[in-house]
Amino acid sequence: MIQSYASRVPVMVGVGNHEYDHTEGGGGGKDPSGVLSAGGECGVPVSKRFAAPDNGNGVFWYSYDQALVHTVMLSSEHNITTESQQYIWLEKDLLSVNRTITPWVVVGMHRPVYNSEMQHDWLGPMVAAGLQNEVEDLLYTFQVDLVLSGHYHSYFRSCDGLYLNKCDNGGPTYATVGTGGAPLGLALGKILPNEYTEFVDKEHWGVGRVSVFNESALQWEFVAVGGNVIDEVWLTRDRRQH
């Protein structure tokens, strides 16, 4: 499915529930990286098919620099509470970023920290609340610019500066792009009341596109199949000063 472009450009992957979760079976209690898990598939196929930088924990969490951007990939399927191996690594990684060299910081994880959909139960909002409780302060403290997620089969973008459920409050912009081909709009009409949603789309398959023009201007776009830009926003590095 991805060979046509994966053979031409680097593909930096992150694990989600379909790569990591399981229904039965066992794998000795650990995933391929040696981290304790509940057994089952636990990311075995994705860890064998894709490579990642060796500065974290394989394909599960890692970071890399490209031009003016420092990108961090996390695993929402692993423990990320404040005493966990992943949390300690994340804090150390964000501390090491040189904003003179890479002024932009983007974080990716499968399950969103913020979203506006209610699916068939409260599990999604509960996971989001847990992520907010564990990692939102880090994202705020180290001035992460953009947080990208999937999981929900729709597109979502928050207001800018989102922190503690308030816009223009010094936090990142959050975007969910779950529009890669699965059926859309499974939670159609079930929007949780909030003040941080800027844009939602459940009609188009598409991808997210980041264009970094310089150290102070970044453009985020949601591009539908066919090339139409459905949503866009500009981020500036000085926006937290206003």
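Annotation: side chain to side chain donor-acceptor pair (under 3.5 Å) contacts of Trp220 (sequence neighbours excluded): Tyr155. For the side chain to side chain donor-acceptor pair (under 3.5 Å) test, residues two or more places apart in sequence or in another chain that qualify with Asp137 are Tyr163. Judged as a side-chain contact (heavy atoms from CB on, under 4.5 Å), and not counting sequence neighbours, the contacts of Ser84 are Asn79, Thr81, Gln86, Tyr87. Partners of Asp54 by side-chain contact (heavy atoms from CB on, under 4.5 Å), not counting sequence neighbours: none found. Under the side-chain contact (heavy atoms from CB on, under 4.5 Å) criterion, Ala182 pairs with His153, not counting sequence neighbours. Among residues two or more places apart in sequence or in another chain, the ring pair (Phe, Tyr, Trp, His ring centres under 6.0 Å) test is passed with Phe142 by none. For Ser211, there are no side chain to side chain donor-acceptor pair (under 3.5 Å) partners at least two apart in sequence or on another chain.
Taking 4.5 Å as the limit, every side-chain heavy atom of Thr176 sits out of range of all side-chain heavy atoms of His151. For the pair Leu131 and Met109, the minimum side-chain heavy-atom distance is below 4.5 Å. In this structure, His204 and Val225 have side chains that are not in contact, with every pair of non-hydrogen atoms separated by 4.5 Å or more. With a 4.5 Å cut-off on side-chain heavy atoms, Val233 and Asp160 do not count as touching.
Taking both residues in full, the closest heavy atoms of Gly150 and Pro112 are given as O-CD, 3.8 Å, listed atom of the first, atom of the second, then distance. In this structure, Ser116 and Phe156 approach most closely via the heavy-atom pair OG-CD1, 3.6 Å. Between Tyr140 and Gly170 the shortest heavy-atom distance is CD1-O, 3.4 Å. When every heavy atom of Asn194 is checked against every heavy atom of Thr197, the shortest pair comes out as OD1-OG1, 2.7 Å. Nearest approach of Asn165 to Tyr196, heavy atoms of both residues: OD1-CE2, 3.5 Å. Between Tyr62 and Val13 the shortest heavy-atom distance is OH-O, 2.6 Å.
A donor-acceptor pair shorter than 3.5 Å can be found between the side chains of Asn55 and Ser63.
Panel note: side chain Asn228, backbone Ile230; no donor-acceptor pair is recorded below 3.5 Å. Using a distance-only test at 3.5 Å, with no hydrogens or angles considered, a donor-acceptor pair links the side chain of Trp104 to the main chain of Asn214. For the pair Asp145 (side chain) and Val105 (backbone), a donor-acceptor distance under 3.5 Å is present.
Pairs passing the salt bridge (charged side-chain N to carboxylate O under 4.0 Å, His left out) check and including a residue from residues 1-18, sequence neighbours excluded, do not occur. The disulfide (SG to SG under 2.5 Å) contacts involving residues 135-179 comprise Cys159-Cys167, where partners must be two or more places apart or lie in separate chains. Identified under the salt bridge (charged side-chain N to carboxylate O under 4.0 Å, His left out) test for residues 206-231, with sequence neighbours left out: Arg157-Asp231, Arg209-Glu221. Applying the salt bridge (charged side-chain N to carboxylate O under 4.0 Å, His left out) rule to pairs touching residues 81-90 yields nothing, sequence neighbours excluded.
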Pairs under 3.5 angstrom only: tabulate donor-acceptor contacts from the side chains of residues 64-71 to other protein residues two or more places apart or in another chain.
{"residue": "Asp65", "atom": "OD1", "partner": "His70", "partner atom": "ND1", "Å": "2.5"}
{"residue": "His70", "atom": "NE2", "partner": "Asp93", "partner atom": "OD2", "Å": "2.8"}

